[in-house]
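Right, one structure below, let's go through it.
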Amino acid sequence: QLQLVESGGGLVQPGGSLRLSCIASGITFSSYTMRWYRQAPGKERELVATITSTGGSTNYADSVKGRFTISRDNAKNTVYLQMNSLKPEDTAVYYCNAVHERNWSHAYWGQGTQVTVSS
């Protein structure tokens with residue numbers, strides 16, 4: 001059965017760092033484009049970062065560009081989000097998303113992990 005499980009969230013001070021992980025099971029991970037989204041209270045879910053199935057291309061929201069890095073390890077079925085220079089505005093629930101590169105009807109979501117940036 002398919003699972004996307006996020007971990008690594010928590011409370012961090014402004015300027016600090018966190019690394020989020022998302023472990024996939026039940027899919028051929030190397031066939032999926034992976035994304036991180038986030039949703040803050042009272043706001044719509046927004047796309048944070050994207051990485052292609054091979055890891056050869058990445059894209060970032062303007063709000064996190066230069067601070068966040070998305071990466072993947074297909075041997076471990078894992079996608080990461082390294083978050084540096086964190087700001088209070090980064091506080092949100094972060095979600096992992098997988099979409100098949102050839103069949104866009106195959107799309108999956110994790111349950112989310114809370115990130116809180118506060119002094």
Side-chain angles (χ1 to χ4, degrees):
Q1 186 70 37
L2 168 80
Q3 280 192 313
L4 295 177
V5 180
E6 302 97 334
S7 64
L11 176 64
V12 65
Q13 294 182 341
S17 297
L18 286 173
R19 189 180 74 161
L20 306 183
S21 299
C22 173
I23 301 176
S25 61
I27 62 172
T28 304
F29 183 73
S30 61
S31 297
Y32 283 77
T33 296
M34 301 299 298
R35 294 179 171 89
W36 287 97
Y37 289 78
R38 67 186 182 186
Q39 188 166 23
K43 295 188 176 181
E44 294 185 353
R45 189 171 297 186
E46 67 171 332
L47 176 62
V48 175
T50 301
I51 188 166
T52 53
S53 59
T54 65
S57 182
T58 58
N59 292 100
Y60 300 92
D62 288 342
S63 59
V64 307
K65 196 170 298 180
R67 300 187 298 120
F68 290 11
T69 302
I70 188 171
S71 61
R72 68 192 294 161
D73 186 341
N74 285 354
K76 296 181 178 179
N77 284 9
T78 302
V79 63
Y80 305 95
L81 186 67
Q82 178 67 47
M83 305 184 294
N84 298 326
S85 302
L86 282 162
K87 305 174 181 179
E89 308 93 271
D90 297 317
T91 296
V93 178
Y94 284 71
Y95 298 91
C96 180
N97 167 264
V99 178
H100 197 280
E101 62 182 10
R102 297 290 181 91
N103 189 345
W104 292 359
S105 68
H106 293 182
Y108 308 96
W109 292 90
Q111 292 297 306
T113 185
Q114 176 71 49
V115 172
T116 302
V117 184
S118 176
S119 59

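Between Ser63 and Arg38 the shortest side-chain heavy-atom distance falls below 4.5 Å. By the 4.5 Å heavy-atom criterion applied to side chains, Thr50 and Tyr37 are not counted as neighbours. Side-chain contact between Ser118 and Leu11 is present, with heavy atoms from C-beta onward closer than 4.5 Å.
No donor-acceptor pair under 3.5 Å is formed between the side chain of Gln82 and the backbone N or O of Thr69. Counting only distance, with no hydrogens or angles, the side chain of Arg72 and the backbone of Thr33 share no donor-acceptor pair below 3.5 Å. At distances below 3.5 Å, at least one donor-acceptor pair connects side-chain atoms of Arg67 with backbone N or O atoms of Ser85. Counting only distance, with no hydrogens or angles, the side chain of Glu6 and the backbone of Gln111 share a donor-acceptor pair below 3.5 Å. Judged by distance alone, with hydrogens and angles left aside, the side-chain atoms of Asn97 form a donor-acceptor pair with the main-chain N or O of Tyr108 at under 3.5 Å. Side-chain atoms of Ser57 never come within 3.5 Å of backbone atoms of Thr52 as a donor-acceptor pair (strictly under, hydrogens ignored).
Ring geometry for His100 against Tyr32 counts as perpendicular: the plane angle is over 60°, on a 0 to 90° scale with 30° as the lower cut.
Taking SG of Cys22 as the start and CD of Gln3 as the end, the distance is 10.5 Å to the nearest 0.5 Å. Distance check: Ile23 CD1 to Tyr80 OH gives 7.5 Å after rounding to the nearest 0.5 Å. Distance check, rounded to the nearest 0.5 Å: CD of Glu46 to CD of Gln39 gives 9.5 Å. For the atom pair CG (Leu18) and CZ (Phe68), the distance works out to 9.0 Å, reported to the nearest 0.5 Å.
When all heavy atoms of Trp104 and Ala107 are compared, the pair lying nearest together is O-CB, 4.2 Å. For the pair Ser17 and Asn84, the tightest heavy-atom approach, listed with the atom from each and the gap, is OG-OD1, 2.9 Å. Here the closest non-hydrogen pair linking Ile27 and Ala98 is CD1-CB, 4.4 Å. A pairwise comparison of heavy atoms in Thr78 and Ser21 identifies CG2-CB, 4.3 Å as the closest pair.
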Could you check Thr91 against Gln114 for side chain to side chain contact (heavy atoms under 4.5 Å, CB included), going step by step and ending with a plain yes or no?
-> CA-CA 8 Å; Thr91 296; Gln114 176 71 49; 4.0 Å; yes
Given Ser30 and Thr28, is the side chain to side chain contact (heavy atoms under 4.5 Å, CB included) satisfied, shown in steps?
-> CA-CA 6 Å; Ser30 61; Thr28 304; 3.9 Å; yes
Trace of the side chain to side chain contact (heavy atoms under 4.5 Å, CB included) decision for Ile70 with Val79 = CA-CA 7 Å; Ile70 188 171; Val79 63; 3.9 Å; yes
Begin with the C-alpha distance, continue with both residues' side-chain angles, and end with the deciding distance and a verdict on side chain to side chain contact (heavy atoms under 4.5 Å, CB included) for Trp36 and Cys96.
-> CA-CA 5 Å; Trp36 287 97; Cys96 180; 4.2 Å; yes
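Tyr95 and Ile51 fall into different hydrophobic clusters, defined by Ile, Leu, Val, Met, Phe, Trp and Tyr side-chain heavy atoms under 4.5 Å apart, directly or through other members. Under the 4.5 Å side-chain contact rule for hydrophobic residues, Leu81 and Val115 share a cluster. Val93 and Leu4 sit in two unconnected hydrophobic clusters of ILVMFWY residues. Membership requires side-chain heavy atoms under 4.5 Å apart, directly or through other members. By the criterion of side-chain heavy atoms lying less than 4.5 angstrom apart, applied directly or through intervening Ile, Leu, Val, Met, Phe, Trp or Tyr residues, Leu20 is grouped together with Tyr60 in one hydrophobic cluster.
For the pair Lys87 and Asp90, the salt-bridge criterion is not met [side-chain N within less than 4.0 Å of a carboxylate O].
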